[in-house]
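Below is one structure; the comments refer to it alone.
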Number of protein chains: 2
Amino acid sequence: MDFAYADALNQAIRLLSLRHRARAAALLAPLGLHPGQEALLLELDRTGPRIQAQLSDALGCEPPSVTLMTRKLEAAGHIRRRPAPSDKRASIVELTDSGKALADQIKHLWRALAKETVTGLSAETVAALPDILNTMTSNVDTSRSATRTAAGTV
Amino acid sequence: MDFAYADALNQAIRLLSLRHRARAAALLAPLGLHPGQEALLLELDRTGPRIQAQLSDALGCEPPSVTLMTRKLEAAGHIRRRPAPSDKRASIVELTDSGKALADQIKHLWRALAKETVTGLSAETVAALPDILNTMTSNVDTSRSATRTAAGTV
DNA sequence: TGCATAACATTATGCGCGTAACTAAATTCT
DNA sequence: AGAATTTAGTTACGCGCATAATGTTATGCA
């Protein structure tokens, strides 16, 4: 592992993060969304109402981030919050009709984005890609709760 | 390209971005650096003094971001700015001795980070990884200036 | 039962990134 | 040479992410 390779790899990851996020931002802008928010809407669409702690877990970000994101999405009318009946600390977050409609639009955009992203890669690479990325994520995940599609063979 | 795959791929990219950045943050914290700043220092270390426009190009981010990053790195004593002799609009940015020392430490950390990241992947995958990531970056790059290690075979 | 501890959520603050709007200097084009 | 355009840089502001500190409710244990 020489520095040239390490530098190339880390830089490639950084640039992919930046550009992929920028492209997502461009696609989501017409919906009035910022990148990151789509993940929250998709999670609610997948699994139904969740409390914020579950959301921060699923999204892989910290509770304060969820507080602010939900506040903005609520102000925009895409989600709704109500107190959890069995736990006075928690609030349950769920999609409004507007949020559900938005989730459907996001799904279309994300199909297009994924297709665009893997253009020019071999079929085998495309098939292996999610596992490769998830392995890398697990490798650097200090919170020890990454999706772990592939266990790290350390 | 079904939605399940698209969702898995986009989510994997998002999570890798988050966790890789978080891991970088943890490694850089003892040096008093935030992720993103190391890229600027490494770029200066690679190519010598540059004007900010060249930096924003090399880092793949916008000029205002460079303005703020350089301001903080200058305040920390890691870089220095001086007016460009041939262009009164531009300022030349260069490493101080402290910045050079920091760049060397970053190189060690980055070797470790890259090694950690690819743990458990096959040798072939590891070898192909930078090209795969760069291709993906080029595919979603709207600014049309990605490193283009592999040209998109569209 | 009562108390210490853990968990849910929030506020405050800071950083890297973005866009929009602006100034000033350089360049291009009649 | 003078006017229009491009380029370098900044300021102002917003968003997603982070950590630290705080209040409130649940829970586990003596």
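Source: prediction; values computed, not measured.
Residues B/D2 and A/R111 are not paired through a salt bridge, judged by the lack of any N-O separation under 4.0 Å between the basic side chain and the carboxylate. One finds no salt bridge joining A/R71 and A/E74 here, because no Lys/Arg side-chain nitrogen approaches an Asp/Glu carboxylate oxygen to under 4.0 Å. In summary, B/E94 and B/R82 engage in a salt bridge, as defined by a charged side-chain N under 4.0 Å from a carboxylate O.
A/L40 has its CG atom 12 Å from the C1' atom of D/dG16, to the nearest Å. The distance between atom CG of A/L73 and atom P of D/dC15, rounded to the nearest whole Å, is 11 Å. Separating the CG atom of A/D57 from the P atom of C/dA7 is a distance of 12 Å, rounded to the nearest angstrom. If you measure from atom CG of A/L33 to atom C1' of D/dG16, you get 13 Å, rounded to the nearest angstrom. Remark: C1' of D/dC13 and NE2 of A/H34 are 12 Å apart, rounded to the nearest angstrom. Rounded to an integer number of Å, the gap from CG of B/L18 to P of D/dG16 is 13 Å. Rounded to a whole Å, the CG atom of B/L41 is 14 Å from the C1' atom of C/dG16. Note: CD (B/E62) to P (D/dT10) measures 15 Å, nearest angstrom.
Comparing D/dT25, D/dC17, D/dG16 against the side chain of A/K88 picks out D/dT25 as the nearest. Here the nucleotide nearest the side chain of A/P64, chosen from C/dA12, C/dA25, C/dA20, is C/dA12. Comparing atom distances between the A/S65 side chain and each of D/dT10, C/dT10, D/dC17 picks out D/dC17 as nearest. Proximity note for A/C61 (side chain, C-beta onward) versus D/dA18, D/dC15, C/dG16: the nearest is D/dA18. Distances were taken from every side-chain heavy atom of A/R21 (C-beta onward) to each of C/dA26, D/dG16, C/dC15; the shortest belongs to D/dG16.
The phosphate of D/dG14 (OP1 or OP2) has no side-chain N or O of A/R71 nearer than 4.0 angstrom. Between A/R19 and the phosphate of C/dG18, there is a side-chain N or O to OP1/OP2 separation shorter than 4.0 Å. Dashed line: the shortest gap from a side-chain N or O of A/Q37 to OP1 or OP2 of D/dC15 is not under 4.0 Å. The side chain of A/K72 places an N or O atom within less than 4.0 Å of a non-bridging phosphate oxygen (OP1 or OP2) of D/dG16.
The 5' end of DNA chain C is approached more closely, in terms of each residue's nearest nucleotide, by B/G60 than by the other of B/S86 and B/G60. Nearest-nucleotide positions on DNA chain D for A/M69 and A/P85 put A/M69 closer to the 5' end.
Just one of A/I79, A/L73, A/L102 meets the side chain to side chain contact (heavy atoms under 4.5 Å, CB included) condition when paired with A/L95; it is A/I79. Looking at B/L31, B/D104, B/I106 one by one, the single match for side chain to side chain contact (heavy atoms under 4.5 Å, CB included) with B/L41 turns out to be B/I106.
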Could you go over nucleotides 5-9 of chain D and give all protein N or O partners under 3.5 Å, atom names and distances?
unit_1, atom_1, unit_2, atom_2, d
D/dT7, O2, B/R89, NH1, 2.4
D/dG9, OP1, B/Q52, N, 3.4
D/dG9, OP1, B/S91, N, 2.7
D/dG9, OP1, B/S91, O, 3.2
D/dG9, OP2, B/Q52, N, 3.3
D/dG9, OP2, B/A53, N, 2.6

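To the nearest 0.5 Å, atom OG of residue A/S56 and atom CZ of residue A/R50 are 10.5 Å apart.
Side-chain contact between A/L44 and A/K100 is absent, with no heavy-atom pair separated by less than 4.5 Å.
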Open item on the list: side chain to side chain donor-acceptor pair (under 3.5 Å) for A/S122 and A/T125? Distances and angles first, verdict last.
Closed with: CA-CA 5 Å; A/S122 72; A/T125 300; 2.8 Å; yes
